[in-house]
Amino acid sequence: MSISTPGGPERRPTVVSTGKKPAAGRPASGAKPGADKSAGAPRQTSGGKGPRKPITPVKVSQGRAWGPIALFVAVGVLAAAIIGYGGYAAFQGSKSWEKRAADIAGVVDFREKDAKLVQGGQHEQGAIKYDINPPVAGPHNAAWQNCMGDVYDAPISNEHAVHSLEHGAIWITYRPDLPADQVATLKSKVQGKEKLMLSPFEGLDKPISLQAWGYQLKVDKADDSRIDDFIKTLRVNASVEGPNANCGQGITATGTTPRDGNQMQTQ
């Protein structure tokens, strides 16, 4: 007995060929990927040792170029130092000489202590007694001590030296027993420079004493940086007769006895 399907004889599906072959390793059309593999089966390596583990990439450490970095830092530090010093110098330059003098450690300002002492113009003949040793101001002889960078190897008259201070000179004094190398250092700061003079002085309580009109600074060593500060700040500035007060044509003789009048004698 034969069984027939509805609608006539049994039909077979028509297969249409495209003329293309499936790519190598790619399943034919209609086939599900992986259909020929067991579900969940791990991929075997050629050695049959199980699944291959992923390889972690190795990071190669690159060393920093410290040379350029160090150079950059050094240039930055130098630039900052230059700018800082320029600002400091500008600030210092904007201060009055009186304030700069007050900033010198150890300086004594007799202008504040005794206004009458620093009046100026008080000429007297003969020996004068001074309360400050060496004197920094007060009555003095009409003749000044030559202060054109003069270096005196013996004591000079206070009365003439004070007149030089009134003209804006700096008078550097030292104990007669000061070591020769320190005396040489002081000479190098004075010799040949206008409105400076140097002489030994008996009875100093410090090895070296500097005088300007109304100011005094005492130090222990000739290489003390305050000596240069004192000279730079007070030379000419401390004058009560102006910057054009004469320091030449003065007394060049040594000795502690004043020469009355304008006896410009030389020994």
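Nothing here was measured: the structure is a model prediction, and the numbers come from that model.
Remark: the backbone N or O of Ala142 is not paired with any side-chain donor or acceptor of Gln125 at under 3.5 angstrom. Judged purely by atom type and a 3.5 angstrom limit, His167 has no side-chain atom pairing as donor or acceptor with the backbone of Ala245. The backbone N or O of Ile128 lies less than 3.5 Å from a partner atom in the side chain of Glu159, making a donor-acceptor pair. A donor-acceptor pair under 3.5 Å links the side-chain atoms of Lys195 to the main chain of Pro243, judged by distance alone.
Note on residues 171-201: no pairs pass disulfide (SG to SG under 2.5 Å), not counting sequence neighbours. Judged as a disulfide (SG to SG under 2.5 Å), the pairs with a partner in residues 139-252 (not counting sequence neighbours) are, in order, Cys147-Cys247.
With hydrogens and angles left out, the side-chain atoms of Glu166 and His140 include a donor and acceptor closer than 3.5 Å. With no hydrogens or angles considered, no side-chain donor-acceptor pair links Glu241 and Ser239 at under 3.5 Å.
In this structure, Met148 and Lys193 have side chains that are not in contact, with every pair of non-hydrogen atoms separated by 4.5 Å or more. The shortest distance between side-chain heavy atoms of Glu202 and Pro176 falls below 4.5 Å.
Between Asp224 and Arg226, at least one side-chain N (NZ, or NE/NH1/NH2) sits under 4.0 Å from a carboxylate O, which counts as a salt bridge.
Taking Ile, Leu, Val, Met, Phe, Trp and Tyr as hydrophobic and joining them when side-chain heavy atoms fall under 4.5 Å apart, one finds Leu210 in a cluster with Trp97, Ile104, Val107, Val151, Ile170, Ile172, Tyr174, Leu178, Val183, Leu186, Val190, Leu196, Leu198, Ile208, Tyr215, Leu217, Val219, Ile227, Phe230, Ile231, Leu234.
Using cut-offs of 30° and 60° on the angle between ring planes, the pair Trp171 and Phe201 is perpendicular.
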